[in-house]
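So the structure is just underneath, and the comments pick up after that.
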Amino acid sequence: MAPMKEGTNSMRIDIYDSFSDSDPYRKALKAQCAALEIPLDVGAPQARTPATLTVVFASRASRWTNAQEHALQQLVGASALVLPVIETGPDAIYLPQAIGKINAFKKHDTGTAWADSLVDETLSMAWLYRRARKVFISYRRIDSAPLANQIFGRFNELGYEVFLDDATIERGVDFQQELKWWLNDADLLLALCSPRLTDSKWCAEELTFAQSHSIGIAALEWPPQLYDPKNAVAFAGKTCWPKQVLVDLTMDDQRMKLGWGDFAGVDADAPGADPKLEDRELTPEALERLVGFCARNRAASIRSRLNDLLPLVRDTLHKQGAENINQTFGDLTFADEKGEAVLRARAALPSPSGAPLPSLR
């Protein structure tokens, strides 16, 4: 898809940051929007129509003027999108009074990944129109069950909807049907690329389904030494494994590489003859990196799927008599067959295979 032109269709983000550090967020937001080809207008609040989203950073040192309070009160009164940002829950007392009742993004929740996570929240509110975050975990139980359960728990704490076979599918239902319905509406498939991942028929089917349905894939890659004939550290009793084919099918920004030290209880400098990686969880630091990694890749995955789906939507609307079909800021705008109404659509049509495509609202 060609880049969208600058102008009225750009995403405008106004930022209030009285004595608060918003620079990491600004940098991450600009980088993500550039990667996704989303026209962005970001900076200090401007005296014109409300921004797509107004982000308000507050800390103990924040001081708010009467003019700022008044401007924010007007935004709240106009039901404009406003996102407060604080360090921890108790810091809500430092927010402008006008937005004190709005649920805030807490940087402490995602630690060092807060900037990427806040960018994901921004895009969810201002561009994706999809507040639910759905991640599907594909993994081998014999290789990475403790790690998969750790990720499931952490992402649930952060408000994600996470698919993990043992925890998500109810007893007494068609396992494969439920799995594919869930995966078809996922934002991202997170593949835990342990040495035996693709030995599993089920994991191979999940990855094939994701690829054929334009669902983004993010790969968590085990230490590269495991595929080196000179490696002396065993995984499940073996020191050299065939390299994962999936890893070669992904781009660099779709991979997060693990080192020995990213596994809890393993010495990065002397991992030992048998670190039992299949029984390990990630360190807190590695888990935070994974949170940021998935936050970045989730938006990229949805954008890629839109690129694939919008031509189908355009063709279907044309066959149904719609007129003046134009792409505007990731949506399609069009008039009905009588030309009486301008409507707006995101991809929510049946796929050629008959399975319903996800609504990206």
[atom2] on [Y] to [atom1] on [X], rounded to 0.5 Å:
X      : Y      : atom1 : atom2 : answer
Asp185 : Phe163 : CG    : CZ    : 13.0 Å
Leu258 : Glu221 : CG    : CD    : 8.0 Å
Leu123 : Cys33  : CG    : SG    : 5.5 Å
Phe136 : Leu188 : CZ    : CG    : 11.5 Å
Gln73  : Ile99  : CD    : CD1   : 10.5 Å
Arg141 : Trp202 : CZ    : CH2   : 11.0 Å

Checklist entry - Between Ile15 and Arg26, does a side chain to side chain contact (heavy atoms under 4.5 Å, CB included) hold up when you go through it step by step? => result CA-CA 9 Å; Ile15 298 178; Arg26 293 171 188 261; 3.6 Å; yes
Hydrophobic clusters here meaning ILVMFWY residues chained together by side-chain heavy-atom distances under 4.5 Å, can you tell me if [X] and [Y] are in one?
X      : Y      : answer
Leu147 : Ile137 : yes
Ile38  : Leu83  : yes
Ile302 : Leu40  : yes
Val42  : Val82  : no
Phe57  : Trp64  : no

Next on the checklist: Please evaluate residues Phe19 and Arg60 with respect to the criterion side chain to side chain contact (heavy atoms under 4.5 Å, CB included), reporting the C-alpha separation (whole Å), side-chain torsions for both, the decisive distance (0.1 Å), and the verdict.
Outcome noted: CA-CA 9 Å; Phe19 296 99; Arg60 182 185 297 271; over 6 Å; no
Please determine whether the number of non-hydrogen atoms from other residues, nucleotides or ligands lying under 6.0 Å from atom [atom1] of [X] exceeds 12.
X      : atom1 : value
Lys134 : NZ    : yes
Gln97  : CD    : no
Lys238 : NZ    : yes
Asp23  : CG    : yes

Next on the checklist: Tell me if the centroids of the rings in Tyr227 and Trp241 come within less than 6.0 Å of each other.
Outcome noted: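 When the ring centroids of Tyr227 and Trp241 are compared, they turn out to be at least 6.0 Å apart.
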Item to check | Test salt bridge (charged side-chain N to carboxylate O under 4.0 Å, His left out) applied to Asp14 - qualifying residues, sequence neighbours left out | outcome: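 Testing Asp14 for salt bridge (charged side-chain N to carboxylate O under 4.0 Å, His left out), a comparison that skips the adjacent residues, returns Arg12.
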Item to check | Residue list, salt bridge (charged side-chain N to carboxylate O under 4.0 Å, His left out) with Asp252, at least two apart or on another chain | outcome: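 In terms of salt bridge (charged side-chain N to carboxylate O under 4.0 Å, His left out), with neighbours along the sequence ignored, Asp252 is linked to Arg255.
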Item to check | side chain to side chain contact (heavy atoms under 4.5 Å, CB included) between Phe155 and Val291, intermediate numbers included | outcome: CA-CA 8 Å; Phe155 276 53; Val291 169; 3.9 Å; yes
Checklist entry - Stepwise, does the side chain to side chain contact (heavy atoms under 4.5 Å, CB included) test hold for Leu81 with Thr52? => result CA-CA 7 Å; Leu81 290 177; Thr52 314; 5.5 Å; no
Checklist entry - Do Ser138 side-chain atoms and Ala191 backbone N/O form a donor-acceptor pair below 3.5 Å? => result no
Checklist entry - Would a distance-only check, ignoring hydrogens and angles, find a side-chain to backbone donor-acceptor pair under 3.5 Å from Asp91 to Thr88? => result yes
Item to check | Donor-acceptor side-chain pairing of Tyr25 and Asp17 below 3.5 angstrom | outcome: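 Side chains of Tyr25 and Asp17: no pair found under 3.5 Å.
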Item to check | Pair Arg133 + Glu121, salt bridge at N-O below 4.0 Å | outcome: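 Glu121 and Arg133: salt-bridged.
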Checklist entry - Are Asp120 and Arg298 close enough for a salt bridge, meaning some N to O gap below 4.0 Å? => result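 Salt bridge present between Asp120 and Arg298.
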Next on the checklist: Please give me the minimum heavy-atom distance between Leu197 and Asp143, naming the atom from each residue.
Outcome noted: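 Taking Leu197 first and Asp143 second, the nearest heavy atoms are N-OD2, 4.1 Å.
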Donor-acceptor pairs under 3.5 angstrom involving side-chain atoms of residues 101-119: please list them, not counting sequence neighbours.
| unit_1 | atom_1 | unit_2 | atom_2 | d |
| --- | --- | --- | --- | --- |
| Thr112 | OG1 | Glu288 | OE1 | 2.6 |
| Asp116 | OD2 | Arg296 | NH1 | 2.6 |
| Ser117 | OG | Ala113 | O | 3.0 |

